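For reference, the structure discussed in these notes is given below.
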Amino acid sequence: MKYIVKIGILLTFIVCMTSCKSTYRINLEDIHLANIKASEKTKILYERIKSIPNDGFAFGHQDATIYGINWKQPDSPLKIRSDIRDVSGKLPAVHGYDLGHIELNHSFNLDTVSFVLMRDQVKKMYKKGAIITFSWHLDNPVTDGSSWDTTAAVSEILKGGLKREKYEKWVSRLSIFFKSLKDEKDQPIPVVFRPFHEMNGGWFWWGEGNCSAEDYKELWRQTFMLLQQNNVQNLLFAYSPNIMQSKEDFERYYPGDEYVDILGVDIYNYGGKEAFIKNIQTNLEILRSEAQKRSKPYALTETGNINPGSDPDWWTENLYPGIKDSGIAWVLLWRNARLDHYFSTYKDDVTAEDFREFEKLEETLFLDQVKKINFKL
Ligand code: BMA
């Protein structure tokens, strides 16, 4: 009998060690975010993100549960579907969404995703313990063309600019959306916001050659201030250039530590396998040193295979060698839009088998693992 009690205690201990192992206590005063008025939940999200690299890196996918190859919500008979789960049985830990056209008060984003559906999926995924991140492919405020219309616009939306009033309206619509993300207790859901990304490339109106670095930084700061004025307190701010040649590339557009919480970089495999691995390694090394100086977390905020349907071992032989031991909090794969535009994997994909190998690696963290990383105040 005595032994049975002892075994019972031991088993309880083991169960507790495995299920509670990642709940830590934190002191609110020790957490310093760009937004000094950020909610407690936002601070907890930040601590969760910062502690992920102790266990590995979180796996993320853009529009993961919104659509995939040959399906889309809300038409799928499954309440929650994801190409990643079809392949591996696991849901991504990080879920990315894009807010392009929220500024126009449209019901659908630039990729025809309804904002009502997006909000609903954000709530569901947050409840399950996921980390939510938003990019914003907003239109050109001068021409009303897309993000890729490179007509000069940044100086016009800064304070005193001709399109300032219009931009303030745009940010107020964005703010309303952020504030509408509420959990079951009606508390704002904390999320990562990654605006004006890939600014060191020339393809967006806020990018290299289309505005000065000074104006870019001012745009970031003024947008940050407008969100504050609109009382948005549930954001962590992520700054992410495109692939960099050196740390000067990182610094040129960096708006300042007081305006940024997370550092990131977007890298695709345009130069083939070897260049891809090398680019990721050197870029994540730049991020590591910039992030360590500032005690901020960092991530590979966008990546993917630009040649879908090729490279059967893309996950274990291309992506993984680049990111292993890099210290990133997450890697986010870009969207699975259609057969000629998908960046991850799906059930009939040539890389599906290899993805299952990648998923089995100790460092790859999916939703079930990341949801356990938690903090108490
Ligand atoms: C780009 C492409 C576009 C899309 C945009 C925003 O990289 O995938 O088709 O509209 O992202 O999601």
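This chain uses plain numbering: 1 for the first residue, then up along the sequence. For ligands, and for the atoms within them, numbers begin at 1 and follow the listed sequence. Quick caveat: nothing in here was measured; it's all calculated off a predicted structure.
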What residue and heavy atom of the protein are closest to atom 9 (O) of ligand 1, and at what distance?
Arg335 NH2, 2.9 Å

Verify ring-ring contact (aromatic ring centres under 6.0 Å, His included) between Phe276 and Tyr270, making sure each step is shown before the conclusion.
CA-CA 7 Å; Phe276 180 58; Tyr270 285 102; 9.7 Å; no

Check Lys296 with Asp261, please: is the shortest side-chain N to carboxylate O separation under 4.0 Å?
no

Kindly indicate whether a cation-pi arrangement holds for Arg221 with Tyr253, taking the cut-offs as under 6.0 Å to the six-membered ring centre and within 45° of the axis.
no

Under the rule for ring-ring contact (aromatic ring centres under 6.0 Å, His included), what residues qualify as partners of Phe204, not counting sequence neighbours?
His137, Trp148, His197, Trp206

So for ligand 1, is Asp98 a polar contact partner (N or O within less than 3.5 Å, distance only)?
no

Between the side chain of Arg294 and the main-chain N/O of Glu290, is any donor-acceptor distance below 3.5 Å?
yes

Among all the protein's non-hydrogen atoms, which is closest to atom 1 (C) of ligand 1, and how far away is it?
Trp334 NE1, 3.6 Å

What are the atoms of ligand 1, with element, lying closer than 4.0 Å to any heavy atom of His341?
2 (C), 8 (O), 9 (O)

Hey, is ligand 1 close enough to Trp148 that some N/O pair sits below 3.5 Å?
no

Closest to atom 12 (O) of ligand 1 among protein heavy atoms sits Asp111 OD2, 2.6 Å

Please identify which atoms of ligand 1 are closer than 4.0 Å to at least one heavy atom of Leu110.
10 (O)

If you measure from each non-hydrogen atom of Gln62 to ligand 1, which part falls under 4.0 Å: side chain, backbone, both or neither?
neither

With side chain to side chain contact (heavy atoms under 4.5 Å, CB included) as the test, pick out the partner of Asn269 among Ile277, Thr303, Asn279, Asn305.
Asn305

